[in-house]
Amino acid sequence: MTPTLGPADVGSLIARFFKRLGVALGRIGFGIFLGLAALAALLATTVVGLMLGVAAVCIGFAARLGGRGARGDTTDALEARRTADGWVVEPHSARR
C-alpha cells in the first residue's frame with residue numbers, strides 16, 4: 001500500500017514546517033541581536049577610550065603650557081613627598 005496524506009496529515013505537516021521555521025528565525029534573530037550588542041559594546045568602549053586619551057593629551061599640553069601653577073597662584077595647591085614613614089601631603093607653601 002502506498003502512503004498517502006489525508007487532510008489532517010497535511011495540516012500537521014504545514015504546522016510542523018511553520019514551527020521549525022519560527023524556531024530557526026528566532027535563533028537567527030537572537031544571533032543578530034548578540035552581534036549588534038557586541039558591536040555596540042565595542043563602539044562604546046572605543047569612544048570612551050578615545051575620550052580618555054584626548055583628555056590625557058590635553059592635560060599634558062596644559063601642564064607644559066603652564067597652567068595655574070606657572071602664574072604663581074599656588075596658595076591652594078598641595079604637595080606630596082615621600083618620607084621614611086610613607087607619603088606626606090601638605091600645603092605647597094608649608095615646605096619653604
Side-chain angles (χ1 to χ4, degrees):
M1 195 166 174
T2 59
T4 58
L5 291 176
D9 295 334
V10 173
S12 66
L13 182 68
I14 292 173
R16 254 188 318 206
F17 170 74
F18 280 123
K19 185 175 182 179
R20 287 183 182 174
L21 181 67
V23 168
L25 288 177
R27 288 180 180 171
I28 290 170
F30 185 68
I32 290 172
F33 168 74
L34 284 179
L36 289 176
L39 183 65
L42 178 68
L43 181 65
T45 54
T46 301
V47 168
V48 169
L50 287 175
M51 288 172 57
L52 288 173
V54 168
V57 169
C58 289
I59 289 172
F61 280 137
R64 282 191 204 138
L65 293 176
R68 248 175 101 151
R71 288 185 250 140
D73 185 17
T74 60
T75 57
D76 59 349
L78 295 176
E79 182 176 309
R81 59 186 172 90
R82 189 174 187 104
T83 64
D85 295 329
W87 286 91
V88 175
V89 179
E90 56 190 19
H92 186 67
S93 59
R95 191 168 175 198
R96 294 180 191 189

**Same cluster (ILVMFWY, side-chain, under 4.5 Å), L36 and I28** = yes
**Request:** Mind checking the CG-CD1 spacing from L25 to I32? Nearest 0.5 Å is all I need.
**Result:** 9.5 Å
**Point-to-point distance, once rounded to the nearest 0.5 Å, from OG1 of T46 to CG of L42** = 4.5 Å
**Complete:** Of all heavy-atom pairs linking W87 and R82, the shortest is NE1-NH1, 3.2 Å
**Message:** Taking transitive links into account, so neighbours of neighbours count too, which hydrophobic residues share a cluster with V57 at under 4.5 Å side-chain distance?
**Reply:** F61
**Prompt:** Can you tell me how far OG1 of T45 sits from CG of L50, rounded to the nearest 0.5 angstrom?
**Reply:** 9.5 Å
**Request:** Find out if a path of hydrophobic residues (ILVMFWY) with successive side-chain heavy-atom gaps under 4.5 Å connects V23 to F30.
**Result:** no
